[in-house]
Amino acid sequence: MPVSPETRPRTQNEPMLELTGLSVSYSGGAVRALQDVSLTVHRGQIVVLLGVNGAGKTTTLSTVCGLLPFTGGTVDAGTVLFDGEDLKGKNPSSRVHRGISMVMEGRRVFPDLTVEENLVAGGFTRTAAESREARDRVLTMFPILAGRRKQMAGLMSGGEQQMLAIGRALMQRPTLLMLDEPSLGLAPLIVQQIKQHIVDINAEGTSVLLIEQNAAMALSIADYAYVLDGKTVAHHGTGAELLADSSVQELYLGIAGEGRRSFRGAREERREGGPL
Ligand SMILES: Nc1ncnc2c1ncn2[C@@H]1O[C@H](COP(=O)(O)OP(=O)(O)OP(=O)(O)O)[C@@H](O)[C@H]1O
Ligand SMILES: [Mg+2]
């Protein structure tokens, strides 16, 4: 049975993912993407990462997944701990083995493979029996995929492809699922369905780190949230605290907005009695 986003239990157990003082650059140090970023996902939580374009959201997830060597990025400082273990030097597939899965930006399904083949591809580190069991779980969770098992993924709607991308990440039975802007470009009704799926996945015991530009959706289900601005964490608090914050309201919720000033700029103006 679906869990109501408003009534699901809020938990704060031990830290699962801990980023401390993380600084990342690209192109041999020419582009600084993250500066001294610290954030924590506690076991069982949904944690949201907000930020305008170029703030470093995707870079944060790529760092956790170990993808920086493939995108020309370098960790200049800081640590990434997962279940207390330093992930430095661990390759992406060993991070998947440890329980970290990611749904990348832009619903990258294999368009020429069927829904079922996409799912099987997602379970690449599992035995055939584990993969079958995971596939059945995913198809139960996403009835829309069950009805289209034999359909080519490239022929499905954007919303269906996003469900498939999430389902494929779940094939690894992750303990931490990271999603990079899953609602991007989707109709409001589909965004609501995705939100419910994220809540249900979390209710089954998977911790979630969610990147979103749809702040209203994300903060409504966030146990905790961080705002990246100027490549670092400018603000953090519970979902309810950030929803009530006037800077967040202006920059991310379109309330009393006056264009795209930085989060810091908005806060400083507010402190100085400016136009907020
Ligand atoms: N592979 C790369 N090579 C060089 N610079 C990069 C690379 N990837 C990202 N950057 C730069 O790093 C900074 C952070 O980018 P990132 O993609 O992490 O931001 P983002 O918050 O995910 O943005 P968006 O909302 O547009 O997805 C930006 O200045 C970007 O141009
Ligand atoms: Mg991004």
Side-chain angles (χ1 to χ4, degrees), residues 17 19-41 46-80 87 91-92 95 100-109 158 161-162 165-166 168-169 176-186 191 194-195 198 208-219 222 224-236 239 242 247-248 250-254 257 259-267:
L17 177 71
L19 311 188
T20 309
L22 194 66
S23 294
V24 173
S25 59
Y26 289 103
S27 310
V31 179
R32 162 100 12 240
L34 295 178
Q35 182 71 48
D36 196 20
V37 167
S38 297
L39 69 82
T40 303
V41 180
I46 296 178
V47 172
V48 164
L49 188 55
L50 300 176
V52 296
N53 293 120
K57 304 180 299 295
T58 298
T59 299
T60 304
L61 296 200
S62 299
T63 307
V64 175
C65 288
L67 295 175
L68 287 183
F70 306 96
T71 58
T74 313
V75 176
D76 301 315
T79 54
V80 178
L87 292 183
N91 67 29
R95 296 181 194 213
I100 302 171
S101 279
M102 174 169 169
V103 180
M104 304 229 296
E105 225 167 356
R107 323 188 257 280
R108 294 191 212 157
V109 298
Q161 289 189 22
Q162 186 60 271
I166 297 171
R168 196 175 60 185
L176 175 67
L177 179 67
M178 304 195 295
L179 303 111
D180 196 346
E181 302 206 35
S183 77
L184 194 67
L186 300 178
V191 173
I194 290 192
K195 167 179 157 177
I198 293 170
V208 173
L209 179 55
L210 171 64
I211 287 184
E212 264 299 336
Q213 296 219 13
N214 185 336
M217 180 276 258
L219 291 178
Y224 209 77
Y226 295 82
V227 181
L228 276 184
D229 189 30
K231 313 178 192 323
T232 196
V233 174
H235 197 48
H236 55 94
L242 291 199
S247 303
V248 172
E250 181 192 341
L251 287 165
Y252 295 99
L253 302 173
R260 283 166 78 88
R261 283 170 295 155
S262 73
F263 187 84
R264 286 217 169 120
R267 287 183 74 76

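Both counts, for ligands and for their atoms, begin at 1 and track the order of listing. Note that this is a predicted model, so its numbers are computed, not measured.
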Q) Could you go step by step and tell me if Arg32 and Asp76 meet the side chain to side chain contact (heavy atoms under 4.5 Å, CB included) rule? A) CA-CA 10 Å; Arg32 162 100 12 240; Asp76 301 315; 3.1 Å; yes

Q.
Quick check on side chain to side chain donor-acceptor pair (under 3.5 Å): which of Gln213, Glu212, Gln162, Lys195 does Ser183 satisfy it with?
A. Glu212

Q.
What does the 4.0 Å heavy-atom contact list look like for ligand 1?
A. Tyr26, Ser27, Val31, Ala33, Val52, Asn53, Gly54, Ala55, Gly56, Lys57, Thr58, Thr59, Thr71, Glu105, Glu181, Gln213

Q | Leu186 to Gly158 - nearest heavy-atom pair and separation | A | CD2-C, 3.6 Å

Q: May I ask you to decide if Thr79's main-chain N or O and Thr20's side chain share a donor-acceptor pair within less than 3.5 Å?
A: no

Q. List-wise, which protein N, O or S atoms are found short of 2.8 Å from the Mg ion (ligand 2)?
A. Thr58 OG1, Glu105 OE2

Q. Do you know which two heavy atoms are closest between Ala33 and Tyr26, and how far apart they sit?
A. CB-CE1, 3.6 Å

Q) Taking atom types as modelled and ignoring hydrogens, do the side chains of Thr58 and Asp180 form a donor-acceptor contact shorter than 3.5 angstrom? A) yes

**Q.** Side chain proximity check, Thr63 to Val37, heavy atoms < 4.5 angstrom
**A.** no

Q. Any idea which heavy atoms bring Val233 and Ser38 closest together, and the distance?
A. CG2-O, 3.8 Å

Q) So which heavy atom on Leu242 is nearest to which on Ala225, and how close? A) CD1-CB, 3.5 Å

